[in-house]
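Working notes, beginning with the structure itself.
Below, chains carry the letters A, B, ... as their sequence lines are ordered, and counting in each starts from 1.
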There are 2 protein chains.
Amino acid sequence: MSITDRRQRQKEEVRTLILDAAWEMVVTEGWPSFSIRKIADAIEYSVPVIYSHFENKDAILLEFNRKGFRLLAERMEKAKSGKEYPAAQIDAMAHAYWDFAFTNYQYYQLMFGLGIPTCETARKIPEMNGFKDAVCASIEALTPAGRKASVDPFLKYQSFWSMLHGLVSINMVGNIVEKQASEHGGLAEMVLNDVIGSFIKGIVS
Amino acid sequence: MSITDRRQRQKEEVRTLILDAAWEMVVTEGWPSFSIRKIADAIEYSVPVIYSHFENKDAILLEFNRKGFRLLAERMEKAKSGKEYPAAQIDAMAHAYWDFAFTNYQYYQLMFGLGIPTCETARKIPEMNGFKDAVCASIEALTPAGRKASVDPFLKYQSFWSMLHGLVSINMVGNIVEKQASEHGGLAEMVLNDVIGSFIKGIVS
DNA sequence: GTAGCTTTGCTAACGGTGTTACAAAATATA
DNA sequence: TATATTTTGTAACACCGTTAGCAAAGCTAC
């Protein structure tokens, strides 16, 4: 009984070993050097043990994808939690989204890259709902009673997300040094505020 | 004199042969099967002749990237050309942008994917200016005389682009059949109209 | 026309990738 | 201890981008 138990435990240890080593590599060397063979080398196991934990390379990517969305949802909740007024919540979430994208840009790249490997797997991520729920709640709270009929929260949520993602990804094209330079007080933040401002205005009036 | 001339001509023929074969492959089989070896096979030349026309794989991608931006700029100009009022021009460009993204989504994927290979090369694309100029012109025309001081056209241009790109790329995650279904009259178009509406409102008032 | 030079193209290799069939080693069960 | 089972490693397959070296073809000059 305890033998299969220990084996289970050991197996999961190797699993996290794989994920940790993979993430370490992605952070230090970027996505191009994400490779099964390098992971195997790093954890000092042979290649096939990785295939006994994950069906293929994409399965590992999916894991990080889900983790990324979980993280994003957490940040949204945290950003909201301090604020009382819905408009302030939305503003805080927008800035938190921006921060998330640039401080965890390896995640962001994976989550939203139109890159080839992740497109088909995107539908397999239930964690996306956490983000959606957090944003929708604030949008509904912001909508004045008189405008409930003409404001579709889900539609506004998509607008919100689109604006943010567009802003982020356009600012990500270019190298990293520039991005960090534009992170605080630069043109990008002015655009962010501009966009959020007109978004909120579009709901309340 | 005419000998080197003919050679020049033949060399360029092979060059376009390469680009045509490559594009054919990307369209029919997607970016994952974009490979130097397959191109060589398709044009019935050996691999090194491709390297005599392009420094490496990324150079070919850069070529398509520039072509994509040229195409996008053309579409913007064409969309504007029919409309008299700046607001109508912006609306038309937004819809043209949307159409461009989904009818040429192989281009769009290359141009804006946060995918790894194209990020560093993005700065090498002068064709991006055509798009920028088309949009900025309409924004400036739309800005009321009394608001010229408080509306930065370049900032608004970035907002415009961000919103559009965000909308497009969020709708691109998922498979292609869904996208085409949502192309006309669906939720996505409502979001598009919503977003453009509040963008225009944010400039004129 | 032939000798030499230049251009052109191909073969074959190097080092890398994801993936898997199969054998060996380690472990658990009898 | 011998057998059965599970775990792990070796080595292969089929790709990939890239390049060195060599053979063939074309052009130039005598």
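The nearest whole Å value for the distance from the CD1 atom in B/I50 to the C1' atom in C/dT8 is 15 Å. A straight line from CD of A/Q10 to P of C/dA26 spans 15 Å, rounded to a whole angstrom. Atom CD in B/E44 sits roughly 11 Å away from atom P in C/dC10 (whole-Å rounding). As rounded to whole Å, 11 Å separates atom P of C/dT7 from atom NZ of B/K11. As a whole-Å value, the separation of B/E55 CD from D/dG17 P is 15 Å. Taking atom CD1 of B/I36 as the reference point, atom P of D/dT18 lies 6 Å away to the nearest angstrom. With rounding to whole Å, A/L17 atom CG is found 17 Å from D/dT7 atom P. Summarising the geometry, the separation between CZ on A/F54 and P on C/dT20 is reported as 16 Å, rounded to the nearest angstrom.
Using modelled atom types, one finds no donor on one side chain facing an acceptor on the other under 3.5 Å when comparing B/H53 with B/Y45.
Considering only side-chain atoms of A/K38, the nucleotide from D/dG9, C/dT17, D/dG17 that sits closest is C/dT17. When distances run from any side-chain atom of B/Y45 to the nucleotides C/dC10, D/dG9, C/dG18, the shortest one goes to C/dC10. Comparing D/dT18, C/dG18, C/dG9 by their closest approach to the side chain of A/K57 singles out C/dG18. Considering only the side chain of A/P48, C/dT20 comes nearest among C/dT20, D/dT18, D/dT19. Considering only the side chain of B/V47, D/dT19 comes nearest among C/dA13, D/dT19, C/dT19.
Screening B/E77, B/E63, B/E127 for a salt bridge (Lys or Arg N to Asp or Glu O under 4.0 Å) involving B/R70 leaves a single residue, B/E127.
At the phosphate of D/dC15, neither OP1 nor OP2 sits under 4.0 Å from any side-chain N or O atom of B/S35. Using a 4.0 Å cut-off, no side-chain N or O of B/S52 falls inside it from OP1 or OP2 of C/dG9. A/S46 has no side-chain polar atom (N or O) that falls below the 4.0 Å cut-off from OP1 or OP2 of D/dT8.
Judged by distance alone, with hydrogens and angles left aside, B/R37 brings a side-chain donor or acceptor within reach of the base of D/dG17, the pair sitting under 3.5 Å.
Checking side-chain atoms of A/W98 against main-chain N and O of A/L164 turns up no donor-acceptor pair under 3.5 Å.
Relative ring orientation between A/F64 and A/W31 is described as perpendicular, the plane-to-plane angle rising above 60° on a 0-90° scale split at 30° and 60°.
Base engagement by B/Y51 is indicated by at least one non-hydrogen atom pair under 4.0 Å involving a base atom. Across all strands, B/F34 comes closer than 4.0 Å only to sugar-phosphate atoms, never to a base (heavy-atom distances).
Side-chain contact between B/I196 and B/I200: present, with at least one pair of heavy atoms (C-beta onward) separated by less than 4.5 Å.
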